[in-house]
Amino acid sequence: VPTTSPSPVFDRTVAVLCGGVGAARLLAGLMDVLPAASITAIVNVADDTEIHGLSISPDIDTIVYTLAGAIDPERGWGLAGESWQALAALERYEGVRPPGSSAANRWFGLGDKDLATHFYRTQRLAEGATLTAVTAEIATAWGLGLTILPMTNDRLRTFVTTAQFGRIPFQEFFVRHRHAINALSVEFEGAVAASPGAAVVDAITTADLVIIAPSNPLVSIGPILSIDAIRTAVEGRRADVVAVSPIIAGKALKGPADHMLASAGIEVSAAGVAAHYRAVAATMVIDDLDAELASAVAAEGLRPIVTDTVMTSRERAAALCRTILGMT
Ligand code: FO1
């Protein structure tokens with residue numbers, strides 16, 4: 001509880017729980033209204049995977065590339081102006097690949113320039129660096145001044161159970177099968193043993209405001225909150241936690257959050273998301289299109305803020321962030 005008079009808005013520090021695209025856009029908006037040094041992103045790494053022996057951290061890379069202005073804006077992942085020669089050259093080896101081998105798989109799109117990031121991360125991890133340290137190096141290399149923290153340095157991975165393919169790693173569900181198949185359930189393997197990444201709990205405990213980005217509540221924010229010490233820290237800050245609904249007018253802007261919420265028995269609306277977050281957030285930002293749900297959000301025990309949440313431009317993202325920070 002602050003005992004001094006409120007600090008000027010530009011002095012406020014924020015910790016943001018992040019998935020990929022939606023979180024990256026929100027962070028871009030925050031970077032326009034707060035000094036970078038006041039912003040800590042705590043990022044889901046349960047989507048991480050190893051492909052061709054390379055360590056890939058999709059949500060971290062989406063955030064870094066977006067904030068650096070280097071993301072491919074159509075795809076929402078990978079680099080703009082990318083070429084795909086290395087991936088194409090793998091075709092030669094497909095014919096000699098023995099059954100059961102995943103060598104030369106081409107369903108996961110790794111662009112030629114993007115490979116450099118994965119080469120760097122993989123080698124640094126092999127040298128014994130933590131993912132926290134490597135992520136800081138990558139952020140610095142891209143000229144970013146905010147703090148980007150992986151939620152954990154331990155192995156914590158999302159698995160999706162499907163009727164067609166059984167229990168499969170998240171990227172097989174999301175990319176290989178284009179999240180077009182029904183997810184019966186999700187599990188976070190390693191969550192019980194995982195510890196929060198360096199500085200994560202401290203960031204949540206000391207931030208003036210904690211924001212839950214408009215990311216998939218189940219497979220982006222879910223893994224972050226599956227780490228006991230992180231969940232406890234966020235619950236302890238509930239009064240200062242603002243969640244931004246990723247569901248607008250009953251739909252996710254991107255990705256499978258709407259279908260996954262429905263399969264999990266959660267109402268596919270800002271009110272359903274409010275119910276899901278009731279123990280961790282006291283405020284929920286919902287879109288103008290969902291204004292009529294404000295009372296349903298309030299009935300779940302969250303203070304509703306109704307505003308434009310569609311971040312199709314940096315200006316719109318910054319306006320949303322000003323509203324979240326109470327700067328308007
Ligand atoms: N998403 C896709 O839909 N297809 C891809 O081929 C793909 C490749 C890829 C490579 C590197 C990277 O950092 C991300 C990549 N993504 C791809 C995005 C990513 O896998 C998902 O959007 C997230 O895991 C969901 O948050």
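Atoms within each ligand, like the ligands themselves, are counted from 1 in listed order. Treat the numbers as computed from the prediction; the structure is a model and nothing was measured.
- Remark: Cys18 SG to Asp59 CG distance equals 8.5 Å, nearest 0.5 Å.
- With no hydrogens or angles considered, a side-chain donor-acceptor pair links Asn182 and Ser263 at under 3.5 Å.
- From the protein, the heavy atom lying nearest to atom 11 (C) of ligand 1 is Asp114 OD2, 3.5 Å.
- Counting heavy atoms only, Phe174 comes closest to atom 21 (C) of ligand 1 of the residues Phe170, Trp107, Phe174.
- Ring geometry for His177 versus Phe165: interplanar angle under 30°, hence parallel rather than tilted (30 to 60°).
- Annotation: atom 25 (C) of ligand 1 to nearest protein heavy atom, Asp47 OD2, 3.4 Å.
- Here the heavy atom of the protein found nearest to atom 13 (O) of ligand 1 is Pro58 CA, 3.3 Å.
- Under the rule for a side-chain contact (heavy atoms from CB on, under 4.5 Å), the partners of Arg278 that lie at least two apart in sequence or sit in another chain are Glu300, Leu302.
- No part of Asn216 comes within 4.0 Å of ligand 1, judged by heavy-atom distances.
- From the protein, the heavy atom lying nearest to atom 2 (C) of ligand 1 is Trp77 NE1, 3.3 Å.
- When only modelled atom types and interatomic distance are considered, Arg97 and Ser101 share no side-chain donor-acceptor pair under 3.5 Å.
- Of all the heavy atoms of Arg178, none lies under 4.0 Å from any atom of ligand 1, so neither backbone nor side chain is involved.
- At distances below 3.5 Å, at least one donor-acceptor pair connects side-chain atoms of Asp258 with backbone N or O atoms of Ala252.
- Among protein heavy atoms, atom 6 (O) of ligand 1 sits closest to Gly109 N, 2.7 Å.
- Every pair passing salt bridge (Lys or Arg N to Asp or Glu O under 4.0 Å) that includes a residue from residues 142-157 is listed here, sequence neighbours excluded: Glu50-Arg155, Glu50-Arg157.
- From the protein, the heavy atom lying nearest to atom 26 (O) of ligand 1 is Asp59 OD1, 2.9 Å.
- Ligand 1 places these atoms under 4.0 Å from at least one heavy atom of Gln171: 20 (O), 24 (O).
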